Each structure stands twice: as C-alpha cells, then as structure tokens.
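These numbers come from a predicted model, not from an experiment.
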Amino acid sequence: MTLFARLASDVQLMFRRPPRQQYGALCYRVKKKSGEVEVLLMTSRDTGRWVIPKGWPMTRKCAHEVAMQEAFEEAGVRGVVETETLGAYTYSKVLRDGVQVICKVQVYALEVTDMAKNFKEKGERRIEWVSFDEAAGRVREPELRHLFLAFKKKMTDRLSAKAAKQVSTDNQIPAAKQIPAE
C-alpha cells in the first residue's frame, strides 16, 4: 500500500460516522381461511428496491411507535406492533445532499389489522403481500433477509403452538352437570 493510499484510508476512518438510527416495521397478516402468513414489501421511492416501512426517530415516540407510524404513512397499514425488537439490519442511504451514510434499522413486528384507502405516500410506492421466502429473495440487504427467515420460524412455531392449544381445548371432556342433593 502506498503512503498516499494509507493516509487516505486513515483520514476516511477518522471522519467515519457511526450508523444513523432508524426504526422499521415487518408488517404481516395471517390469512383467515388458510392460516398462511404474508408479509408486506414495498418499493423505495428513490431506487425502487424492495424494502420495509422505516424512518427516523420522532420526538416523544418510542421506537416501536415510530415503526408503527412509518408503516401507516408509507404503506397505509395499521395494526398491533410488538414492543420487543426482532433484530436490526444496516443499509447504505444516499441523503438529499448526496452524502452516503450507513443506517441501522431496528425492526419491530406489526400484525396488520386494517389497510387505509388514503395515506401520506399513496401512489409513491408499489406495495405487495408476499410469502416470507419471496420477501427474503427480493430484499437486497442480507441482514434483512435473515430477519424475514428468522421471523418465519418464529411465526411457524407460534401458530403451531396456537393450533395445538386449540386442539387440546376442543378435545376436553365437558364437566358433568351438578345434580343438587335432595
């Protein structure tokens, strides 16, 4: 490595910023008839790549609340958001001034219960409901791909446990009627 290349590398390291923090929502729904789980993907406004709703921190809002707000503004979905993070991923973002920064996105699961007809960014993005595997294949970020697959396993386990509990409840013998003593 030349002296100039070494100096350039050292200067670049000195001015490197820590990742910028964002919060995102992995939106999902369970189909009533089949029990199949679908996840929401949408296109970014600038590059058209497949992403999840995400955004910058907001004053007086917890991280999971920001994720829920961004899901509504960007995709028009409402629902129940989990307060525990699923994990995080990083991606490279080009800001309006052309500066490229690394962003770290903390992701929260959001079970969608309602879709709005009108929302802030309607018409600015494509929105699709897809399987976990399809979502993992479409996104560019390896860490986000991993989050989709890890959440697929979590949901499979959760739905299996729920089904097993339902079967056990259905198979219980009803309590005998009490006959009053005379």
Side-chain angles (χ1 to χ4, degrees), residues 20-97 101 103-141 143-163 166:
R20 305 272 181 102
Q21 185 66 58
Q22 290 190 314
Y23 304 109
L26 193 159
C27 304
Y28 70 97
R29 65 184 181 188
V30 181
K31 289 183 164 183
K32 291 202 187 313
K33 289 183 181 176
S34 66
E36 188 181 342
V37 180
E38 293 180 312
V39 291
L40 181 139
L41 281 182
M42 61 183 203
T43 54
S44 67
R45 290 186 294 182
D46 51 357
T47 64
R49 72 186 193 288
W50 291 103
V51 298
I52 62 172
K54 62 188 169 306
W56 303 107
M58 296 177 188
T59 306
R60 291 187 289 284
K61 282 197 188 274
C62 296
H64 66 278
E65 294 171 322
V66 172
M68 187 170 58
Q69 178 72 32
E70 291 297 334
F72 179 69
E73 288 179 7
E74 295 180 358
V77 295
R78 291 188 185 100
V80 180
V81 67
E82 294 181 13
T83 57
E84 189 83 20
T85 183
L86 290 175
Y89 72 97
T90 56
Y91 77 102
S92 183
K93 178 175 184 64
V94 178
L95 301 176
R96 286 191 185 109
D97 59 7
V101 296
C103 292
K104 180 179 180 182
V105 183
Q106 233 174 280
V107 180
Y108 296 85
L110 186 147
E111 184 175 9
V112 175
T113 57
D114 184 45
M115 292 187 69
K117 287 187 177 16
N118 293 307
F119 51 96
K120 188 175 180 178
E121 296 183 17
K122 184 179 179 173
E124 297 179 30
R125 307 168 182 275
R126 257 178 56 210
I127 297 170
E128 289 188 23
W129 288 97
V130 298
S131 69
F132 284 108
D133 295 331
E134 179 69 22
R138 286 191 192 185
V139 296
R140 289 186 192 164
E141 299 81 8
E143 296 162 312
L144 181 55
R145 185 174 299 127
H146 175 74
L147 284 176
F148 275 116
L149 297 176
F151 190 61
K152 174 185 178 181
K153 182 180 180 342
K154 182 177 181 176
M155 285 303 296
T156 301
D157 294 347
R158 187 184 288 176
L159 293 173
S160 295
K162 186 177 178 182
Q166 183 63 42

Min side-chain heavy-atom separation Gln106-Gln21 under 4.5 Å: yes

Ion pair Lys54/Glu70, N-O distance below 4.0 Å: no

Shortest non-hydrogen contact from Ser44 toward Thr47: OG-OG1, 2.9 Å

Gap between atom CZ of Arg49 and atom CZ of Arg140 - 0.5 Å precision: 6.5 Å

OH on Tyr89 to CD1 on Ile52, rounded to 0.5 Å: 4.0 Å

Inter-residue atom distance Lys152.NZ - Leu26.CG, 0.5 Å rounding: 13.5 Å

Val66 to Gly55 - nearest heavy-atom pair and separation: CG1-O, 4.3 Å

Approximate separation, where rounding is to 0.5 Å, of Cys103 SG and Lys93 NZ: 6.5 Å

Leu95 vs Arg20, side chain to side chain contact (heavy atoms under 4.5 Å, CB included): CA-CA, chis, key distance, verdict: CA-CA 11 Å; Leu95 301 176; Arg20 305 272 181 102; 3.8 Å; yes

Criterion side chain to side chain contact (heavy atoms under 4.5 Å, CB included) on Met68 and Leu110, from CA distance to verdict: CA-CA 7 Å; Met68 187 170 58; Leu110 186 147; 3.8 Å; yes

Arg138: partners by side-chain hydrogen bond (donor to acceptor under 3.5 Å, both in side chains), with sequence neighbours left out: Glu128, Glu134

Check: Arg126 main-chain N/O paired with Thr43 side-chain donor or acceptor under 3.5 Å: yes

Exam field: side chain Glu121 to backbone Ala75, donor-acceptor pair closer than 3.5 Å: no

Worked verdict on Leu149 versus Lys153 for side chain to side chain contact (heavy atoms under 4.5 Å, CB included): CA-CA 7 Å; Leu149 297 176; Lys153 182 180 180 342; over 6 Å; no

Closest non-hydrogen atom pair, Tyr108 against Ala67: CD1-CB, 4.1 Å

Parallel, tilted or perpendicular, as decided by the 30° and 60° cut-offs, for the rings of Phe151 and Phe132: perpendicular

Under 3.5 Å donor-acceptor, Glu36 side chain and Lys31 backbone: no

Interatomic spacing from CG in Asp133 to CZ in Phe148 - rounded to 0.5 Å: 11.0 Å

Over all atoms of both residues, closest heavy-atom pair of Arg78 and Ala116: NH1-CB, 4.0 Å

Test side chain to side chain contact (heavy atoms under 4.5 Å, CB included) applied to Thr90 and Glu141, step by step: CA-CA 7 Å; Thr90 56; Glu141 299 81 8; over 6 Å; no

Taking every non-hydrogen atom, the tightest pair across Ala135 and Val39: CB-CG2, 3.6 Å

Interatomic distance, Glu74 atom CD to Leu40 atom CG [nearest 0.5 angstrom]: 10.5 Å

Under the side-chain hydrogen bond (donor to acceptor under 3.5 Å, both in side chains) test, residues paired with Lys117 that sit two or more places apart: none

Closest non-hydrogen atom pair, Val112 against Cys27: CG2-CB, 3.8 Å

Lys154 with Glu84: basic N within carboxylate O range, under 4.0 Å: no

